Protein chains: 2
Amino acid sequence: MINARQLEVLCAVIELGTTAKAAEMLAVSQPAVSNMIRHVETLAGFALFERERGRLTPTPEARHIAQEAQHLFMQQRRVASIIEELRGGTTGRLSIVATPSIGQRILPQVIAQFLESRPKLNVSLDLGHTDQIANRLVSGQAELGLSISQPRHSALTVRPIAKAQLLCVCPEGHELALSRVVRIEALNHARHISYSSETPLGQMIDGAFSRRGLERRYFFEVRHTMAALELVANGVGVALVDTFALAGRDLAGMALRPIDPVMDLQAHSATSKLFPTSNVALQFQSFFSQYVAEHLQMIPSSPDNPI
Amino acid sequence: MINARQLEVLCAVIELGTTAKAAEMLAVSQPAVSNMIRHVETLAGFALFERERGRLTPTPEARHIAQEAQHLFMQQRRVASIIEELRGGTTGRLSIVATPSIGQRILPQVIAQFLESRPKLNVSLDLGHTDQIANRLVSGQAELGLSISQPRHSALTVRPIAKAQLLCVCPEGHELALSRVVRIEALNHARHISYSSETPLGQMIDGAFSRRGLERRYFFEVRHTMAALELVANGVGVALVDTFALAGRDLAGMALRPIDPVMDLQAHSATSKLFPTSNVALQFQSFFSQYVAEHLQMIPSSPDNPI
DNA sequence: AGAGTCCATAAGTTGAGGTTATCGAGGTGA
DNA sequence: TCACCTCGATAACCTCAACTTATGGACTCT
């Protein structure tokens, strides 16, 4: 069967009219072109050029083939450019599942930024709790999982990807806003909106309270920081909210205070060991880390509270 | 740049799962496949397979490339099949110019037959007198010319392609129909429809008359045999008509008689020396010759009237 | 433990596609 | 008409991508 190189030479001769000019354009010698043309003619089984008075004149058949070959060249260039783009991570498909804490606020921002230099990239974003993330990853339905708590699954590769902190958010003018730092004990005497003890965040905060010999008290139970934040924004009470939920949000009417003790969160990324991870996914992991490190301000951890 | 063979191997491995099966399908050895895959990976600049526990698992990037490559293969097969068809003359373009004598009746029949085994063929048919045929051929606007009289042009290749004869056509029951053979002298005493002396046919008939020491007489002058035939069909008179015009026509109400002397016509085909002639055009020439020889019955020429 | 499967590596072969050198045919201008 | 140019064809040789065979090490399954 005829190959692309042969068609390339054929087209060059038809276009430029002589073997010598075609050879020059193709950066090969004139006999190479001459031989190739003859070879293609034997492959095709009929003459592609008429030789008279030392000149080559393409036959209608040759012109017809050359025209069709253009589509082949186009497709060839297309494949080459796709490979190029896949190398640069500017094309392909990136499918992410994230917990709402990350997926609702910070992740769309990071993705938007990531897409600015990759307009052809195809993205899929889904939310789910940690177990669902693990399921979707091992079943190959998603490629990259992002969550605060580490998904536990033998077929997953989990690694820390970004840090965040819990801050205290209260309505502007609230009594807690009067102090520069909010001690967690104070929350027990305020209208405290907090997290179910089943949630990782709830357990973490419980731990901080119990380390001070206290028990966490709250009048409003939610599961996600975004929900708590919205309640605070509407003046319902005060809450501890992570910086992922705060990222880029308009905080008009609210006051933000560091807390004592500092509580650090570690976001994790997970990929399946059962499927190879795409280039884009790897790139996105680094991008996410870097973006968070640059855009989320952190309060230094106290020595007694390492991550 | 990546080539089709490399993509072919890549796709085979992705599709069949192992290098050994891919090698079998491609009819090459397993190391050939293994090396090719590694080579393509270095070309692409990123991994296409993940190697673990002695198995290859395609990356999302590899799958993406393989999918795009399918279009390339399709285009490649398309070019190959077009070449195949061009060899068989079942595709391409055939543009013909013919004089009305040939183009109005016999040619459409032959073309229809020719197309039966070449459904993809693109045909163009145009009518014109001999000078116009020559013009269109040397200007490259048409590829094949068909006419009775030979076009005279130094850039044309003209060759005889088919024979026809003049016959006498008269209304059924006409007195000329009473004789088995119509002697041309008899036409001078009938309502004779004939051809302008400027036309090749008129000159030819004039010659036959003068060889018998007579002058042709006619009451109705036309330029084409088709016109004469229609007039006879409507009972206007009698005429000498060539067998090309009669081919396949319903002769109800008309009588057909051989004439004395027998007058043979030679159809000619012409192609331009300035452009190569396509395969289909050459095939059509033979096809036309053969069709006419098989379908037009001829009366043997008398020895004194060679063509 | 042994057989069977997988992929990788090493070393050698082959042929498509290239090279240089040279030829003769044909056109062209002094 | 002769020198000079450009064209394509041919011959003889070269090179490397794409193969080969032979083999080895990793892993799985019975």
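Naming convention: chains lettered A, B, ... in sequence-line order (proteins, then strands); numbering from 1 in each chain. Computed from a prediction, not measured in an experiment: that's the story for all the values here.
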*Where the side chain of Gln30(B) meets the backbone of Ala20(B), is there a donor-acceptor pair that is under 3.5 Å apart?*
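Judged by distance alone, no pair lies under 3.5 Å.
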*Would you call Arg51(A) and Glu41(A) a salt bridge, taking side-chain N to carboxylate O under 4.0 Å as the test?*
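Yes.
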*Taking the six-membered ring of Phe114(A) as reference, does the NZ or CZ atom of Arg118(A) fall below 6.0 Å from its centre and within a 45° cone about the axis?*
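Judged by the rule, Arg118(A) and Phe114(A) form a cation-pi pair.
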*asked:* Nearest whole Å is fine: how far is dA9(D) P from Arg38(A) CZ?
replied: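 Going from Arg38(A) (CZ) to dA9(D) (P), I get 7 Å.
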_Atom-pair distance (CD1 on Ile2(A); C1' on dG17(C)), nearest Å_ =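 Atom-to-atom, Ile2(A) to dG17(C), this comes out as 15 Å.
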Answer yes if the side chains of [X] and [Y] hold a donor-acceptor pair under 3.5 Å, and no otherwise.
X: Gln76(B); Y: Gln75(A); value: no
X: Ser34(B); Y: Thr19(B); value: no
X: Ser278(B); Y: Glu143(B); value: yes

Sub-3.5 Å pairs of nitrogen or oxygen atoms, protein against nucleotides 18-23 of chain D:
| residue | atom | partner | partner atom | Å |
| --- | --- | --- | --- | --- |
| dA18(D) | OP1 | Asn3(B) | ND2 | 3.2 |
| dC19(D) | OP1 | Arg5(B) | NH2 | 3.2 |
| dT20(D) | OP1 | Ser29(B) | N | 3.3 |
| dT20(D) | OP2 | Ser29(B) | N | 2.5 |
| dT20(D) | OP2 | Ser29(B) | OG | 2.4 |

With a 4.0 Å cutoff (strictly under), does any side-chain N or O of [X] reach OP1 or OP2 of [N]?
X: Arg51(B); N: dC6(C); value: no
X: Arg53(B); N: dT28(D); value: yes
X: Ser34(B); N: dC7(C); value: no

*The side chain of Lys21(B) lies closest to which of these nucleotides: dA8(C), dC6(C), dG8(D)?*
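My answer, after comparing the listed nucleotides, is dC6(C).
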